[in-house]
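These notes are about the structure you will find just below.
The chains referred to below are lettered A, B, ... by the order of the sequence lines, with proteins before strands, and numbering in each begins at 1. Model, not experiment: these values are computed from the prediction.
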2 protein chains.
Amino acid sequence: MPSNLDAQSIAPHPDHDHQACIDSALTAARELCREKQQKLTKTREKVLQLIWGSHRPIGAYSLMDALAEGEQKRVAPPTVYRALDFLLELGLIHRINSLNAYIGCQDPSHEHHCYFLICTSCNLAVETDPGPFQSAVGQLKQESGFEIRQQNMEFNGLCPHCQEQSE
Amino acid sequence: MPSNLDAQSIAPHPDHDHQACIDSALTAARELCREKQQKLTKTREKVLQLIWGSHRPIGAYSLMDALAEGEQKRVAPPTVYRALDFLLELGLIHRINSLNAYIGCQDPSHEHHCYFLICTSCNLAVETDPGPFQSAVGQLKQESGFEIRQQNMEFNGLCPHCQEQSE
DNA sequence: TTTTATCGTGTTACAATATAACACATCGAT
DNA sequence: ATCGATGTGTTATATTGTAACACGATAAAA
Ligand SMILES: [Zn+2]
Ligand SMILES: [Zn+2]
Ligand SMILES: [Zn+2]
Ligand SMILES: [Zn+2]
């Protein structure tokens, strides 16, 4: 996990240089598409860029609204959902099921499970390392007999910044 | 966690006595409502019973269909959603976000986080103990600075029975 | 006993999220 | 030139969930 994060915490600081986040995400996306021989078309890139517009999950219809900004005509839902499906497939974004919303992946260079901390106050979502959970997952596989293929974890609570606000 | 489960696994065996599951769930629900001084009305009880009709998550509109069986008129969505909200609030059921569906809680006697194993083949969903994950969660709280209030974990894969089928 | 407050339900309409189906366009390979 | 594969446009529709307001039962208060 990179990069542009607060030293005290894995959460991005409100004042961080977010353009750097966007730039590095797009660079990583181009790289990944080259590797996997997939095309990052204009629509797909624009959607990815809009998703990286913040560290908060954004819904498909909000993305449609954002895409419409400064354009003559709105795109229809399938256009956005196709782009989302493509980006999900490549691991460039994750879906936050509890919010029906999408957020950029912090490290698309390798496939991984979907672990997020989500602030219920400001909607900040921070991707986190599944590593520390894997021994418990292994134990669970043993006990349950399930063959676990996908892990999806959503923690809700208050981010450091919102805790300060509410004190 | 009780009860009517396969000895080899926490997953319910396909041949288990499921009426016992339903009965004990309803008994537990009546008990909990008495404790918390809440009313388990006819609609609420019927919805809970239908949810316990299987160990698979069921959607709100499927519940409406099931409620309509043998009745003159269908109930409208708000009726089902109100019952679901009530049952969720009391912890008698959980919502599986990835499926927009609802499933009975194995142990509503005390509040707890939502941890499920879900079979992608037969949709069986098995609630599991958050305990083994809590040290990793504690570490994550430290590192992230988040105040974590809710945990929602969904593991997808193949249940023991479906693994046999596919061999 | 009437009054009033609370709670649960009925009903209508609608919002928000997502997909099916089919037409068309682009582009590289044969 | 033709074909096949892929990406997009367009229309309609499916699925999931809520807002708003009216009605009815129950039970405490007057
Ligand atoms: Zn950033
Ligand atoms: Zn926050
Ligand atoms: Zn059972
Ligand atoms: Zn199965």
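Between B/Y81 and D/dT18, no base-stacking contact is recorded for ring centres under 5.5 Å apart and planes less than 30° from parallel.
A salt bridge links A/E147 to A/R149: one of the charged nitrogens lies within less than 4.0 Å of a carboxylate oxygen.
B/M64 has its CE atom 12 Å from the P atom of C/dT11, to the nearest Å. What separates CG of B/D85 from P of C/dT9 is a distance of 12 Å, to the nearest Å. In this structure, the CD atom of A/E45 is 17 Å from the C1' atom of D/dT8, given to the nearest Å. One interatomic measurement links the two molecules: CD1 of A/I96 to P of C/dT17, which rounds to 15 Å at whole-angstrom precision. Between the CG atom of B/L40 and the P atom of C/dT9 there is a distance of 10 Å, given to the nearest Å. Atom CD1 of B/I58 is separated from atom P of D/dT15 by 15 Å (rounded to the nearest Å). Straight-line distance from the CD atom of B/E71 to the P atom of C/dG10: 11 Å, rounded to whole Å. Look at CG on B/N100: it is 11 Å from P on D/dT18, rounded to the nearest Å.
In this structure, the side chain of A/R44 engages the main chain of A/K39 through a donor-acceptor pair within 3.5 Å. Checking side-chain atoms of B/E127 against main-chain N and O of B/Q106 turns up a donor-acceptor pair under 3.5 Å. Side chain of B/T120 to backbone of B/G157: a donor-acceptor contact under 3.5 angstrom is found. For B/E154 (side chain) and B/N97 (main-chain N/O), a donor-acceptor pair under 3.5 Å exists by modelled atom type.
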What does the list of N/O pairs under 3.5 Å between the protein and nucleotides 4-8 of chain C look like, with a distance for each?
unit_1	atom_1	unit_2	atom_2	d
C/dG8	OP1	B/R44	NH1	3.3
C/dG8	O5'	B/R44	NH2	3.3

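Taking each heavy atom of A/L48 and A/L92 in turn, the nearest pair found is CD1-O, 4.2 Å. Of all heavy-atom pairs spanning A/A60 and A/L84, the tightest one is CB-CD1, 3.9 Å. Shortest non-hydrogen contact noted between A/P77 and A/Y61 is CG-OH, 3.5 Å.
Closest-nucleotide positions on DNA chain C for B/P77 and A/L84 were compared, and the one nearer the 5' end corresponds to B/P77.
Note: A/F133 and A/Y115 have tilted aromatic rings, judged against thresholds of 30 and 60 degrees for the angle between ring planes.
To the nearest 0.5 angstrom, A/S121 atom OG is 10.5 Å from A/Q163 atom CD.
In the region residues 29-37 of chain A, proximity to DNA chain C at under 4.0 angstrom, judged on heavy atoms, holds for none of the residues.
The A/T79 side chain lies nearest to D/dG9 when the options are D/dT16, C/dT12, D/dG9. Among D/dT10, C/dT11, C/dT17, the nucleotide with an atom closest to any side-chain atom of B/K73 is C/dT11.
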(request) Scan nucleotides 22-30 of chain C nucleotide by nucleotide, 5' to 3', and note B when protein non-hydrogen atoms come under 4.0 Å of the base, S if they reach only the sugar-phosphate, - if neither. (result) ---------
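Here the rule is side chain to side chain donor-acceptor pair (under 3.5 Å) with B/H16, and of B/H13, B/H18, B/Q19 only B/H18 fits it.
Checked against a 6.0 Å centroid threshold, the rings of A/F146 and B/F155 do not count as neighbours.
Across all strands shown, A/K42 has no heavy atoms under 4.0 Å from either base or sugar-phosphate atoms.
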